[in-house]
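This one's a predicted model, so the numbers in the text were calculated from it and none came from an experiment. The sequence lines fix the lettering, A, B, ..., with proteins before strands; numbering per chain opens at 1.
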Amino acid sequence: MSNYFVTTATPYVNAEPHIGTTLDFLYADVLARAARAQNKPVLFSTGTDEHGGKIAEKAEEMGITPKEFADKMSQNFRDLAKTLNISNDRFIRTTDPGHEQRAQLIWKALQKDIYKGKYIGWYCTGDEAFFTEAVVKANNGVCPNHNRKYEKIEEENYFFKLSSYAPKVLEAIESGEFKIVPETKKNEILQVYKDGLEDISVSRPKSKISWGIPVPGDDTQVMYVWFEALMNYLTVLGYPEHEDFKKFWPANVQVIGKDILRFHAAVWPGMLTAIGLPLPKMLYAHGFITVNGKKMSKTLGNVIKPNQIIDEFGVDAFRYYFLRHIPSYTDGDFNQDRFLAAYNNELANELGNSVQRTAAMITQYQNGIIGNVPEAEHDQAQYADAIEKCQFDRALDDVWGQVRGLNQYIEEEKPWAISKTGDKDHLSEVLAYQVSCLLEIANMLSPFLPETAQKIRYIFEEGIIRPTKTTLFPRKEAQEQG
RNA sequence: GGCGGCGUAGCUCAGAUGGUUAGAGCGCAGGACUCAUAAGCCUGAGGUCACUGGUUCAAUUCCAGUCGCCGCUACCA
């Protein structure tokens, strides 16, 4: 069995998580759970990115140390992972001593490709990123993302020779050795390569930003936060000496949002190539979530926190909507009506009710005794293929095809009518087949809706119906807006 | 400015290497049933597949152009 390593990006702890933040978690979690279901040894890592000027700035505003601030903010993400029932094995923080030490080892490994140069450019502390003269000019000197002035930076920095490695990485992307999905994102990044990649600045003077990992051998500089954050994918495995690193690198899938494609499809593979490590097998860049068709923003006041939904509908309903109704390959929209419709029609009526009616009939007609449950028989090739390609929405479409198929089967066979004929064998056969379908559905659902899958198994897997206190997904009435 | 994507039923989206009546789900209308969370099942009404032109026996599907939306990227200055 081949080892399976999946990562999420490490969110920057400058803001509290919202529903957009959950996508990384959910997608990677499905991959990890699906791989475990195949008995692969899995390592699933997530974590938080915590250095940089912006964090220091915010901490100062609050009158606490950057570490105190980061501790607090990081905990929000850890809590979120828990709330979402994410099965990560590790949660790495870029302020972990282990990360800081190993990041320095990676820096040393890259030393041959790092040189000192003069950097002239514009920087936005909000983005923790540099911008070209052109962009700054176009925005009249004010960063539109954060409504603050770009800082003109003119200083001595270390540079990484990204340009030397671009051709090799490009080759890996084109050959599919390093897959980038979806295709549109791959094309975008190919264009970037075609336009040419320049060396990048990878440090900042400590005098300006002290909240960072020191550059080995130069007390006056700290590593540029982005450069160092990327290293978490190796440090979390205990690079360079730990057994896990040998076992799990390269990553099978790295899940990211589309906004950080460039870092992960250009800078990161460049670093890996420089160190002489293989590239991840796949990079999956998902889209963004809008709310009622509008971008979430504090100023619009339409930011939705996951708990607003989970508290009322449960974690699996949340997972379900975001995994099936937010398209896996493009941006998607969240709105209350569609969420409620999906919840009632698909979870409560189609799935929940099929469980309920099956259990009820077996209880009524056979005293709860489930007959001989046949082997699952449906073809799962499409489903498996969809997960492989990170088309989670399609995989769930496929599962729902089976849920509907089951309801149709029940209508065709009419077990309630059979029960009146007294043909007990036939009745038992039909009901057992229903159970077989439900257990199969539970299996397919388990990476997506682990609790639900567990509940279905609980009810049916022991040969006799085990009643539960509550229905799977109680119907919810529409609420007045507001 | 360059590169790329999108524009298909009221809504969200599939799809077609060009060829009989263009698909799904939601929503809407009607029907038969009763095991079930007033759930499930069946049937139906809705589309000149953005617009214009071209290639072709035949285009919504290929090509070009136009309009609209979006993404990446560059620069004149």
* Charged N to carboxylate O under 4.0 angstrom, A:Glu171 versus A:Lys168? -> no
* Testing A:Phe392, A:Phe448, A:Phe473, A:Trp400 for ring pair (Phe, Tyr, Trp, His ring centres under 6.0 Å) with A:Tyr320, which one passes? -> A:Trp400
* Asked: What's the closest nucleotide to the A:Glu188 side chain, out of B:A14, B:G71, B:U37?
  -> B:G71
Tabulated below should be each protein N or O lying under 3.5 Å from an N or O of nucleotides 22-31 of chain B; please produce it.
from, atom 1, to, atom 2, distance (Å)
B:G25, O3', A:Arg404, NH2, 3.2
B:C26, O3', A:Asn345, ND2, 3.1
B:G27, OP1, A:Asn345, ND2, 3.4

* **Watson-Crick/G-U partner (both atom distances under 3.5 Å) of B:G23** => B:C13
* **Separation of atom CD1 in A:Ile410 from atom P in B:A32, rounded to whole Å** => 22 Å
* C1' atom, B:U60 versus B:G1: distance in rounded Å? -> 32 Å
* Complementary nucleotide for B:A36 - Watson-Crick or wobble, under 3.5 Å -> none
* Starting from P on B:G5, measure out to CD1 on A:Ile189 and report it in whole angstrom. => 17 Å
* Whole-Å P distance, B:A14 and B:U52 -> 25 Å
* Could you check which of B:A14, B:U37, B:A36 has an atom nearest any side-chain atom of A:Gln364? => B:A36
* To do: Ignoring hydrogens and angles, state whether a donor on the side chain of A:Gln254 or A:Thr7 is under 3.5 Å from an acceptor on the partner side chain.
  => yes
* To the nearest Å, give me how far apart CZ (A:Arg357) and C1' (B:A38) are. => 14 Å
* Identify whether any heavy atom of A:Ala348 sits under 4.0 Å from a base atom; if not, whether one sits that close to sugar-phosphate; answer base, sugar-phosphate or nothing. => base
* Counting side-chain heavy atoms from CB outward, which of B:U37, B:C35, B:U73 is closest to A:Arg475? -> B:U37
* Asked: Can you find an N or O donor on one side and an acceptor on the other, under 3.5 Å apart, linking the side chain of A:Asn353 with the base of B:A36?
  -> yes
* Of all residues at least two apart in sequence or in a different chain, which pass the side chain to side chain contact (heavy atoms under 4.5 Å, CB included) check with A:Ile304? -> A:Ile19, A:Val291, A:Gln308, A:Ile309, A:Phe334
* To do: From the options A:Gln434, A:Gln402, A:Arg357, select the one residue that forms a side-chain hydrogen bond (donor to acceptor under 3.5 Å, both in side chains) with A:Asn407.
  => A:Arg357
* **Upstream residue (5' side of RNA chain B) when A:Gln191 and A:Gly332 are each assigned their closest nucleotide** => A:Gln191
* Starting from P on B:U37, measure out to CD on A:Glu477 and report it in whole angstrom. => 15 Å
* Gap between atoms CD and P, on A:Gln434 and B:C41 respectively (whole Å) -> 13 Å
* Asked: How is A:Leu261 classified with respect to the nucleic acid when contacts are heavy atoms under 4.0 Å: base, sugar-phosphate, or nothing?
  -> nothing
* Name the pairing partner of B:C6, where a pair is Watson-Crick or G-U wobble with both distances under 3.5 Å, or state none. => B:G68
* A:Arg324/A:Glu346 ion pair, N-O < 4.0 Å -> yes
* Structure fact -> Rounded to whole Å, the CD-P distance (A:Glu411 to B:A36) equals 13 Å
* Any ring-ring contact (aromatic ring centres under 6.0 Å, His included) involving residues 295-316 of chain A? Give me the pairs, sequence neighbours left out, ordered by first then second residue. => A:Phe313-A:Phe339, A:Phe313-A:Tyr343
* With respect to the phosphate group of B:G40, does any side-chain polar atom (N or O) of A:Asn349 fall under 4.0 Å of OP1 or OP2? -> yes
* Structure fact -> By nearest-heavy-atom nucleotide on RNA chain B, the more 5' of A:Lys414 and A:Gly352 is A:Lys414
* Provide, to the nearest angstrom, the distance between the OH atom belonging to A:Tyr409 and the P atom belonging to B:C42. => 16 Å
* Give a yes or no on whether a salt bridge exists between A:Glu188 and A:Arg262, defined as a side-chain N under 4.0 angstrom from a carboxylate O. => no
* For A:Tyr365, answer base if it contacts any base atom (sugar-phosphate contacts may also be present), sugar-phosphate if it contacts only those atoms, and nothing otherwise; contact means non-hydrogen atoms under 4.0 Å. => sugar-phosphate
* Structure fact -> With the side chain defined as heavy atoms from C-beta on, A:Arg394 is closest, among B:C35, B:G15, B:U37, to B:G15
* Send over the distance from A:Glu412 CD to B:C33 P, rounded to a whole Å. => 18 Å
* Structure fact -> Judged by whether its glycosidic angle lies within 90° of 0, B:G40 is anti
* Parallel, tilted or perpendicular for A:Tyr158 and A:Trp107, by the 30°/60° rule? -> perpendicular
* Asked: Where the side chain of A:Asn407 is defined as all heavy atoms beyond and including C-beta, which of B:C3, B:G40, B:C35 is the nearest nucleotide?
  -> B:G40
* To do: Could you tell me whether A:Gln408 contacts a base, only the sugar-phosphate backbone, or nothing, with contacts defined as non-hydrogen atoms closer than 4.0 Å?
  => sugar-phosphate
* Pair partner, B:A45 [Watson-Crick or wobble, under 3.5 Å] -> none
* At under 4.0 Å, does any side-chain N or O of A:Gln356 touch on OP1 or OP2 of B:U37? -> yes
* C1' spacing across the pair B:C6 / B:C51, given as an integer number of angstrom -> 16 Å
* Structure fact -> By the Watson-Crick or G-U definition, both distances under 3.5 Å, B:G1 is matched with B:U73
